[in-house]
Amino acid sequence: MCGIVGYTGNLNAIRVGLEALKRLEYRGYDSSGVAYLDKEKNIQVIKSQGKIRKLEEKIDKINPYSNTAIFHTRWATHGEPSDINAHPHIDCKKILALVHNGIIENYREIKENLKDNHKFISKTDTEVLAHFLEENLNKEKLETKNILKALKLLVESVKGSYALNIIFKDLDKTIFFARKDSPLCIGIGEDENFLASDVTAFLPYTKKVIFLDDFEIGYLTPQKIYIYHVKTGKEFLLESGKIIKNTLNKKIENIPWDVSQAQKGGFKHFMLKEIFEQPKALEDTFLGQKEVLENLVERLKLPSLIVFSACGTSYHASLIGKIYLEKFSNLPCICEYASELRYSKFPYPKDALFIFISQSGETADTLAALREAKKRGFKTLAITNVLGSTISREADYVLYTYAGPEISVASTKAFSTQVLSLYSLAYYLGKKNGLNLNYKSHFSKVFTLIEKLRNFLENSENLKNIQEISKWLASFKNTLYIGRYYNYPLALEGALKLKEISYIHAEGYAAGEMKHGPIALIDENFPVIALATKDSYLEKLKGNIEEIKARKGKVVILSDEENLKSYGDFFIKVDYLEDLTCLLNILPLQLLAYYTADFLGYDVDQPRNLAKSVTVE
Ligand code: M6R
């Protein structure tokens with residue numbers, strides 16, 4: 001939640017930073033702002049409520065130039081979205097400006113201590129940090145050494161989460177930073193450096209990155225990067241491309257992502273592009289994980305229980321993972337929402353393996369649950385899409401998905417690649433557990449899957465059919481998705497997709513639960529999407545469909561069985577591919593949500609009230 005960017009170099013920081021900020025807009029989009037140093041090295045701030053384009057309009061009018069700027073795009077926590085609450089925030093004397101991603105938990109206490117000498121103008125928690133630094137720099141000269149001292153004090157005094165970029169009056173081409181529990185990384189360029197919440201911001205300029213860890217503070221100039229760990233006193237210094245000091249043991253990583261992956265590439269929305277990227281994302285994931293998985297499973301001890309934990313779409317992937325692991329590995333599994341697990345008593349066997357799934361690798365609840373599990377001595381495995389993300393660095397083991405950057409708030413290709421990763425993991429764990437599994441047939445199906453997905457997407461009749469159903473679906477206020485076995489988690493995921501981008505109330509249900517309540521809702525104004533593919537207790541599901549029809553409910557049937565056409569009002573034909581059918585079924589569900597939201601004219605990639613990475617609790 002919230003995206004921050006900092007740039008210092010020889011280019012116009014305002015334009016470079018603004019473009020970088022746009023690539024982070026998925027992290028929050030209720031207001032945005034920039035602070036920069038003008039020719040006289042004074043701080044100037046431009047902010048605007050609304051999307052980044054509003055900020056851009058203001059910038060265009062002034063057309064400022066600077067070599068150093070910090071930016072913010074906001075997802076409001078404290079204080080409503082407004083120009084005043086938008087970041088950057090400044091101190092009373094305007095000696096500094098800062099942008100912040102995270103939540104300052106003890107901001108009231110800090111404010112109370114400062115209130116006699118400082119004037120607060122916003123309702124945010126962030127503003128107290130600007131005044132805190134001002135107060136602690138009061139009698140000091142504005143130079144690096146003193147600023148680092150004040151930053152150290154800030155880290156020691158402030159409770160909560162923060163990624164901070166800070167600029168100071170008169171300190172040209174220098175950006176200070178601090179991080180705890182919110183992502184922040186440094187992009188290393190040639191005679192220019194970047195700070196950002198994630199790497200997509202600076203991908204067009206550099207793929208060389210340093211991920212910052214908790215309690216790290218420091219500064220960068222176009223030629224220099226200095227990092228200091230507040231707790232250990234260890235340091236890192238890079239000057240003119242050379243590492244001068246590295247007691248911190250920081251690594252410079254190379255991001256394998258391509259800049260074109262973070263662009264729309266001719267598609268109307270990122271979501272549509274990402275749906276269409278799924279065959280490639282699955283292929284990359286399958287091939288990319290092959291060796292890693294063998295090695296990973298070799299190092300893992302077979303547990304007596306697997307505890308999956310995740311949020312949202314990633315949680316739905318874990319429900320399918322549970323089926324795979326129980327079926328192919330013969331290992332019992334449970335799935336817990338990370339937001340629940342983190343506060344639970346962890347009453348699990350000592351040898352339980354915890355698998356945390358997160359596209360971003362930054363979700364606050366998932367990270368907190370992971371930390372709790374580790375604290376209690378459990379082994380942890382992270383399945384994540386983002387190299388160097390906090391979850392990937394903190395888990396004992398990591399398995400990356402190779403979906404490439406996922407920009408749309410609604411997760412699509414990340415889900416498919418997570419499910420495929422679990423399918424592969426289940427095979428290797430099964431082998432280790434002594435099950436007689438046929439590698440060739442298990443994995444050759446993956447290539448059939450990829451081909452079938454490509455065929456589905458290339459068939460314009462499929463797309464036309466789903467568009468027509470979407471148009472019809474858009475006129476309803478409520479809808480229900482039902483399915484059994486693999487199709488139950490898919491029902492949950494299909495419903496989540498529809499509600500988050502089209503704002504139509506949608507619920508996913510295990511079809512067998514219909515009679516225990518939801519059937520009361522059914523009438524001619526309540527459409528049901530029935531996921532009715534073979535092997536998912538189809539005969540039972542047919543019974544559920546009959547019961548809905550008997551109550552005048554309208555039904556969209558998604559099935560591989562042509563003869564089910566007559567059962568419903570609409571029909572979506574999918575292929576059947578045994579245990580991988582769920583990865584074929586997800587495609588029309590994602591498209592249905594996409595076209596419905598687009599037909600209703602909503603901002604598909606940036607739905608209201610949401611943000612891509614939920615880095616606050
Ligand atoms: O990055 P994560 O996978 O940890 O994110 C988890 C959820 O926030 C995410 O899946 C969310 O539910 C999506 N908006 C769903 O499309």
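As the structure lists them, so they are numbered: ligands from 1, and atoms in each ligand from 1. Here the structure is a predicted model, which means the values were calculated and not measured. Along the sequence shown, residues are numbered consecutively beginning with 1.
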Worked check of ring-ring contact (aromatic ring centres under 6.0 Å, His included) between Phe267 and Phe276:
CA-CA 10 Å; Phe267 284 88; Phe276 273 75; 5.5 Å; yes
Step by step, work out the side chain to side chain contact (heavy atoms under 4.5 Å, CB included) result for Lys499 and His505.
CA-CA 6 Å; Lys499 77 179 109 185; His505 170 232; 5.6 Å; no
What do you reckon, does [X] have a nitrogen or oxygen under 3.5 Å from a nitrogen or oxygen of ligand 1?
{"X": "Thr363", "result": "yes"}
{"X": "Thr313", "result": "yes"}
{"X": "Val409", "result": "yes"}

Atom SG of Cys335 and atom CD1 of Ile306: how far apart are they, to the nearest 0.5 Å?
10.0 Å
Identity and separation of the nearest protein heavy atom to [atom]:
{"atom": "atom 7 (C) of ligand 1", "answer": "Cys311 O, 3.7 Å"}
{"atom": "atom 8 (O) of ligand 1", "answer": "Val614 CG2, 3.9 Å"}
{"atom": "atom 14 (N) of ligand 1", "answer": "Glu500 OE1, 2.8 Å"}
{"atom": "atom 1 (O) of ligand 1", "answer": "Ser360 OG, 2.7 Å"}

Cationic tip of Lys51 within the cone over Tyr29's six-membered ring, i.e. under 6.0 Å and within 45° of the normal?
yes
Cation-pi between Arg608 and Tyr503: NZ/CZ under 6.0 Å from ring centre and within 45° of the ring axis?
yes
Element-labelled atoms of ligand 1 that are located less than 4.0 Å from some non-hydrogen atom of [X]:
{"X": "Ser358", "value": "1 (O), 2 (P), 3 (O), 4 (O)"}
{"X": "Ala410", "value": "16 (O)"}
{"X": "Ser411", "value": "15 (C), 16 (O)"}
{"X": "Ser314", "value": "2 (P), 3 (O), 10 (O)"}

For Phe356 and Phe354, take the angle between the two ring planes, folded into 0 to 90°, and tell me which bin it lands in: parallel under 30, tilted 30 to 60, perpendicular over 60.
parallel
Under 30°, 30 to 60°, or over 60°: which ring-plane class applies to Tyr107 and His78, parallel, tilted or perpendicular?
perpendicular
Does ligand 1 have any atom sitting under 4.0 Å from a heavy atom of Lys497?
yes
Flag the pair Phe443 / Tyr427 as yes when their ring centroid distance falls below 6.0 Å, and as no otherwise.
yes
